Number of protein chains: 2
Amino acid sequence: MAAEDSLSSPGLDRVAGEKFLQEAFQIMLEEGIRKGMDASEKVCIWKEPEELQQILDLNLKDSGEPHERLLERCRDVIKYSVKTCHPRFCNQLFSGLDPHALAGRMITEMLNTSQYTYEIAPVFVLMEEVVLKKLQKLVGWEKGDGIFSPGGSISNMYAMNVARYHRFPDCKQKGHWAIPKLAVFTSEECHYSIQKGAAFLGIGTDNVYLVAADEKGKMIPADLEKKINQAKSERALPFFVNATCGTTVLGAFDPLPEIAEAAWGGSALLSQRHRHLLDGIERADSVAWNPHKMLMTGLQCSAFLVQDNSGLLQRCHCAQATYLFQTDKFYDIAYDRGDQTIQCGRKVDCFKLWLMWKANGSKGLEQRVYEKILHLGKVLLPFLPEFINLCFWYVPPSLRGQEGCTDYWVKLEKVAPLIKEQMMKKGSMLVGYQPHGKQVNFFRQVVTNPAVTRDDLNFFLDEIERLGRDL
Amino acid sequence: MAAEDSLSSPGLDRVAGEKFLQEAFQIMLEEGIRKGMDASEKVCIWKEPEELQQILDLNLKDSGEPHERLLERCRDVIKYSVKTCHPRFCNQLFSGLDPHALAGRMITEMLNTSQYTYEIAPVFVLMEEVVLKKLQKLVGWEKGDGIFSPGGSISNMYAMNVARYHRFPDCKQKGHWAIPKLAVFTSEECHYSIQKGAAFLGIGTDNVYLVAADEKGKMIPADLEKKINQAKSERALPFFVNATCGTTVLGAFDPLPEIAEAAWGGSALLSQRHRHLLDGIERADSVAWNPHKMLMTGLQCSAFLVQDNSGLLQRCHCAQATYLFQTDKFYDIAYDRGDQTIQCGRKVDCFKLWLMWKANGSKGLEQRVYEKILHLGKVLLPFLPEFINLCFWYVPPSLRGQEGCTDYWVKLEKVAPLIKEQMMKKGSMLVGYQPHGKQVNFFRQVVTNPAVTRDDLNFFLDEIERLGRDL
């Protein structure tokens with residue numbers, strides 16, 4: 001019965017659907033973008049989880065809700081979400097909002113296709129290739145291959161998997177039991193996804209050898225050699241060296257002749273001024289590069305690039321599903337690139353970057369990769385900045401001049417969390433802090449958002465002073 | 001200098017940005033949604049890759065382009081993309097367009113946050129929990145845990161990784177060299193991501209034992225037992241049995257007492273009528289469920305659920321990055337759930353499903369999980385449908401009654417690709433075909449889009465007849 005009825009008339013009301021989209025879009029502009037980018041509005045409206053649950057009424061019920069109620073829900077979701085496009089949001093390595101990238105994301109969502117075959121994604125198959133080629137060229141490769149993956153962590157896993165397959169193609173069929181114990185090398189300052197990846201890929205975190213870094217956070221090549229020898233003496237076979245271009249906390253660039261990949265700082269390749277930080281990257285076998293960070297494309301946009309163009313990605317990952325990658329198609333099936341990945345359905349992540357690039361040109365994007373200069377007052381620097389990560393302690397008046405006291409560092413450690421709590425509850429700004437190595441909690445300020453002005457930076461320091469001076 | 005200048009005024013023109021978004025959105029409605037859902041418009045405009053490259057002018061240049069040109073580009077991208085929302089698109093297991101889910105996706109893109117901490121995603125941390133709890137309840141579990149992952153293939157990898165960790169917690173540190181060879185069991189009809197996952201996780205595809213399926217495509221339990229014994233005799237340790245609820249091609253449901261996970265057909269849990277197909281799923285340790293298929297949330301929306309609520313996901317995947325998951329935060333850090341995943345930055349995938357659920361209620365969604373009845377004329381069925389996958393051969397007049405001829409199957413094999421080529425070049429509809437086991441190429445029709453009417457289904461069969469009758 002139900003089936004019969006559902007066929008007599010369409011099960012979706014298109015007019016009502018379009019009306020909803022129009023109205024939701026206007027709310028999004030008003031509540032999310034206009035207010036979100038306005039420095040005089042709050043970055044976040046802090047609510048304790050229990051209170052927020054009450055306000056949002058999240059539970060899913062048997063019956064649907066009317067149009068107006070649903071629009072109110074959209075407004076509330078936006079209202080109580082953190083505004084990552086706000087000029088005073090610098091809590092992560094991404095921030096800001098690029099209108100062209102967002103338009104690309106919206107259209108991608110509307111088209112809702114999967115990147116696997118030319119058949120259902122002709123435009124995006126071609127576009128992905130062009131964008132990846134451009135990134136390869138910036139790395140300094142004349143040839144190469146690549147794929148967009150769902151984030152830098154997964155790109156790093158791709159890098160390890162492809163390196164493993166390249167060295168031991170049998171591993172794909174036989175697993176690790178047929179090959180020697182493997183050893184991964186990375187600096188102690190590297191992103192934690194290297195550890196996660198080693199665990200997920202069955203390599204094990206014990207087989208990740210952490211290479212010492214210098215005071216700036218850069219890998220020490222002599223220690224790399226030492227660790228490689230150590231691994232060999234422990235009967236582990238070195239197969240993968242990860243170098244980091246822009247470490248997460250300090251923004252340090254590893255010295256690159258031994259490189260294997262890069263993520264956060266990759267976009268410095270676009271900059272005449274900062275390009276030198278990545279000298280030698282063209283010698284890497286693979287590169288992981290996240291335009292969703294410095295270039296503001298929006299999550300997720302992570303390119304995994306390999307220098308090989310002999311079909312390594314395909315051989316490493318293919319499973320040749322006959323229902324998707326038929327070999328008797330009427331077009332050139334080399335365009336069906338989905339079997340190069342570990343995914344089946346794969347979101348289109350290239351269009352947002354492509355449209356933003358078309359809008360700004362390489363020159364326009366280059367200008368986004370730059371330094372915002374901070375004049376520092378009552379702050380101490382645990383590390384001198386190499387890139388745009390500015391790490392600092394705020395020292396409240398009550399602690400100044402007491403560096404010699406026994407509990408100085410114990411007290412200083414508590415300053416950043418207390419300031420952070422106050423800024424979040426006030427909603428005035430959002431910046432990250434962390435301890436690091438022997439150093440107690442310090443703030444990490446990273447400005448990548450071109451909408452940030454000198455006023456915002458002045459506010460930033462003044463506000464920390466206001467929130468922290470009585471501690 | 002550049003840095004100084006860039007601080008004096010904002011580097012983004014907000015008014016121009018909003019204007020672009022407004023106009024791009026109207027193009028999206030007009031060119032993508034209105035035309036895309038209109039049965040009288042084409043499903044796709046076929047162009048050979050070289051021609052499409054010419055039309056789109058994909059190359060990225062040094063300089064940016066003006067407003068109007070960029071809008072034209074948006075229009076072209078939409079125009080030449082396949083309309084997966086079209087009532088005559090049934091080429092994949094996803095199709096159709098839900099306006100509430102799309103609104104949720106657009107707002108998610110605008111907010112551009114990452115799901116890892118309550119600090120920057122308070123609304124979505126709470127929302128994900130509610131949605132996952134609802135899905136767990138439908139599976140039949142009173143307790144559990146879960147995560148949204150970037151697609152079903154990665155959810156399947158999660159399932160294998162968590163099972164491995166559960167059996168051998170040491171594997172996370174020591175890798176596979178410290179544990180016995182592992183064996184995975186899955187039906188020969190399973191999705192190819194099980195193979196991809198086994199390779200990626202270092203288990204190896206040889207250690208995936210393919211269990212025979214019956215003529216409907218369902219796993220044969222007796223053969224599972226046989227394969228388990230075989231694995232043991234080959235010194236491989238059985239640790240993971242994958243059962244499929246809705247196989248990719250035939251839509252078969254494995255018998256479930258031995259289940260480990262489900263993806264495409266999971267949404268049948270919402271249906272009173274089809275729920276029985278998943279009887280026994282509550283005995284699974286983990287379930288992978290893709291609402292982006294039958295429920296039309298849009299890519300990507302894949303839930304990975306585990307019955308364990310002792311923190312297994314967290315223990316299995318955590319790396320405790322101190323810059324993100326600080327332990328001295330002022331709020332309850334149990335809400336920072338990002339370390340349960342293999343990712344760092346993670347897209348928000350819950351809101352589109354949540355908003356669609358709020359709009360339709362469980363009852364409304366149930367009505368989407370139903371059968372569209374096809375009256376079959378000149379078609380042969382290689383497999384009787386168990387679910388909504390309808391597999392069939394079209395037999396052109398020239399071949400009818402010749403089943404006994406030696407080259408009958410050779411000729412029939414070519415029919416589907418030829419019809420497909422014609423339908424794509426004409427743009428009239430899009431449906432998938434594949435060979436399967438011993439059966440030559442047949443069409444697979446899956447109707448999940450509630451906008452499809454009887455007229456569309458009639459057109460579907462008539463069009464195949466029109467395109468194929470002279471073959």
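Just so we're on the same page: letters track the sequence lines, and every chain starts at 1. The structure displayed is predicted, hence computed values, not measured ones.
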For the interface with chain B, which of [options] has the highest count of heavy-atom pairs at distances below 4.5 Å?
| options | answer |
| --- | --- |
| Q434(A), R105(A), E65(A), K363(A) | R105(A) |
| N207(A), I78(A), L97(A), V348(A) | I78(A) |
| S114(A), G151(A), P87(A) | S114(A) |
| T84(A), V130(A), D62(A), V82(A) | D62(A) |
| M127(A), E413(A), Q195(A) | M127(A) |

What part of [X] lies closer than 4.5 angstrom to a heavy atom of chain A: side chain, backbone, both or neither?
| X | value |
| --- | --- |
| R69(B) | neither |
| C85(B) | neither |
| Y165(B) | neither |
| F200(B) | both |
| V131(B) | both |
| Q300(B) | both |
| K414(B) | neither |
| Q320(B) | neither |
| L430(B) | side chain |
| T108(B) | neither |
| Y323(B) | both |
| L324(B) | side chain |
| N360(B) | backbone |
| S193(B) | neither |

Just by modelled atom types, is the [Y] backbone N or O under 3.5 Å from a matching donor or acceptor in the [X] side chain?
| X | Y | result |
| --- | --- | --- |
| T113(A) | I120(A) | yes |
| R14(B) | M37(A) | yes |
| W354(B) | L58(A) | yes |
| K196(A) | C344(B) | no |

Before giving the answer on ring pair (Phe, Tyr, Trp, His ring centres under 6.0 Å), spell out for Y118(B) and W46(A) the whole-Å C-alpha distance, their side-chain angles and the decisive distance to 0.1 Å.
CA-CA 10 Å; Y118(B) 187 77; W46(A) 172 258; 5.6 Å; yes
Residues in side-chain contact (heavy atoms from CB on, under 4.5 Å) with K174(B), at least two apart?
D206(A), D170(B), A178(B)
Checking H100(A) against chain B: side chain, backbone, both or neither under 4.5 Å from a heavy atom?
both
Region of Y80(A) that comes under 4.5 Å of a non-hydrogen atom in chain B:
both
Between H176(B) and R164(B), do the side chains contain a donor N or O and an acceptor N or O under 3.5 Å apart?
yes
Do N161(B) and H317(B) have side-chain N/O donor and acceptor atoms under 3.5 Å apart?
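Result is yes, a qualifying pair exists.
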Are the side chains of D332(A) and P49(B) in contact, using a 4.5 Å heavy-atom criterion?
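Side chain of P49(B) against side chain of D332(A), heavy atoms only: no contact under 4.5 Å found.
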Closest contact, heavy atoms only, K347(A) versus K347(B):
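Looking at all heavy atoms of both residues, the closest pair is CE-CE, 3.8 Å.
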Check ion pair K134(A)-E129(A) (N to O, under 4.0 angstrom):
no
Residue list, side-chain hydrogen bond (donor to acceptor under 3.5 Å, both in side chains) with K181(B), at least two apart or on another chain
none
